[in-house]
Number of protein chains: 2
Amino acid sequence: MDNLETYLTHQNKKRSSSNRTRREEAYERIKDAIRHAELKPGEPLSETRLSKLLGISRTPVREALHQLVQEGLVETAPGQTVTVASRSIQDVLDVVHIRSLLEPELVRLAAESISQAQIETLEGVVIKLEEAAKQHDLAAWAKVDVVFHDIIKEACPNKLLGQTVVQLKNRVHQVANIDTHTNPERLITCTQEHRVIFDAIKAKDSQAAKQAMETHISALTNSLLKRISYR
Amino acid sequence: MDNLETYLTHQNKKRSSSNRTRREEAYERIKDAIRHAELKPGEPLSETRLSKLLGISRTPVREALHQLVQEGLVETAPGQTVTVASRSIQDVLDVVHIRSLLEPELVRLAAESISQAQIETLEGVVIKLEEAAKQHDLAAWAKVDVVFHDIIKEACPNKLLGQTVVQLKNRVHQVANIDTHTNPERLITCTQEHRVIFDAIKAKDSQAAKQAMETHISALTNSLLKRISYR
DNA sequence: CGTAGACAGGTTGTATACATTAAGCTGTGC
DNA sequence: GCACAGCTTAATGTATACAACCTGTCTACG
């Protein structure tokens, strides 16, 4: 707990200027704390305690917590005290399963509507991905990966589809990168899979793009399943 | 606006006892008002005004509005004043498209895990559906339809999948029933489609159940597309 | 000795007061 | 008559005070 307080206080200085409202500030700081496992699953989050901790009054903190509840990162316990949600591997698999239904179609639609400018941007992103993978720079890779999927999302005319996928990913963000983070080999193959997806998009072959994404998520699933057997 | 006030006040008496917290009460009443088009798309929702209208203080009203924002029923306008979200037919089609990706799989998984007790309950529901359809009782049909999908959702081991589908449906609830509501013929065929789905589930034929749901949503999509051409 | 009830502490739910910002209007000056 | 500036108004964002509730413990009584 003491470490947590230090961490959150530290974040304060860094972020206070960039966040517009206190509510957003509270939201991001709590969210970050959960993602960095400073706030551990099952830990009760008292509004009063958090507000003291963050130096923000209860109202914005409370609103931030509500938002996190709706996103599934925290859950309301029987006694109404919200706690940090615990994520099982099954939860991650559930998310990936849904993604396997949505993302191939997302990419297919994107490939049909993507602009030339977006393709060029995307090409740069893929190259950055490949560079990051070669240098085993996980942090950089993860950042660029987000951009990659963001561009595809933007290119998809069904905005709600993109939004839904993002929500699903957020839900397991703190553990989702287990895959590439702990398996250097996956980082390489995963990057190759991205390249295949991009090539199909560039060729405006939407069916191929869809299949490439199916392959990608299938590989991801297998990697996760292997991980289970290690336990 | 005057009608709206009357309506909301009316709802007050009916619901105040059943809702536990003021926040939930505000949430449901505003949501209902939107669904019944008492609050029309584009209409600005002032927290102060709503709180006076509902006889609830700003805090719970504000929280209810935030929840509605996250569910996509209202949106934050540039000036930060939230307004009732407008739903185009394209929005509905977007939702249905995503459902076409998710619900067949939802039913497939449900068919594999459903208990005997749930099957029996579901059978009763299907019969009620058929009765309601014969009597052209739209209100009753819609209610039972919700139960039908609820049971399937419960039977699906991937809880997040069920939750995601429900969220998507909520998003267009105020216009989703356009289909059956304005087309008596669809009510009959739609009921038959439900029967086919149920029969497959009962037979524990998950593949057939999945295909039946695909057919169902496909028919729904076609019905909606016809509707567009009428404009 | 065991159980039931009451009290203490902390928690959330709610109301309200204050701060701040944006917009519209009015009044004045050109 | 038009344009600009300042003010009024009302909105949201924030803080805080109060109420109701639940829990867990301690005490008193059977």
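Chain naming here is simple, since letters A, B, ... match the order of the sequence lines and numbering starts at 1 in each.
Close to dG13(C), at under 4.0 Å from its OP1 or OP2, lies a side-chain N or O of R62(A). The side chain of R58(B) places no N or O atom within less than 4.0 Å of a non-bridging phosphate oxygen (OP1 or OP2) of dG13(D).
Counting only heavy atoms from C-beta outward, the side chains of R186(A) and K226(A) never approach each other to under 4.5 Å.
dA15(D) atom P lies 11 Å from atom CG of L54(A), rounded to whole Å. Rounded to whole Å, atom P of dA19(C) lies 23 Å from atom CZ of R23(A). The CD-C1' distance, from E63(A) to dT14(C), rounds to 13 Å in whole Å. Counting to the nearest Å, the P atom of dT12(D) and the CZ atom of R22(A) are 20 Å from each other. Taking atom OH on Y27(A) and atom C1' on dG13(D), their separation rounds to 19 Å, with Å as the unit.
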Please tabulate, one pair per line, each protein N/O and nucleotide N/O from nucleotides 8-11 of chain D that are separated by under 3.5 Å, including the distance.
unit_1: dA11(D); atom_1: O5'; unit_2: S46(B); atom_2: OG; d: 3.4

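With sequence neighbours left out, E112(A) forms a salt bridge (charged side-chain N to carboxylate O under 4.0 Å, His left out) with R108(A). With sequence neighbours left out, the ring pair (Phe, Tyr, Trp, His ring centres under 6.0 Å) criterion links Y27(B) to no other residue. Under the ring pair (Phe, Tyr, Trp, His ring centres under 6.0 Å) criterion, H66(A) pairs with no residue at all, not counting sequence neighbours. With sequence neighbours excluded, no residue satisfies salt bridge (charged side-chain N to carboxylate O under 4.0 Å, His left out) with D94(B). Taking S113(A) as the reference, P157(A) meet the side-chain contact (heavy atoms from CB on, under 4.5 Å) condition, with sequence neighbours excluded.
Side-chain atoms of T59(B) come within donor-acceptor range of the base of dT16(C), with a qualifying N/O pair under 3.5 Å.
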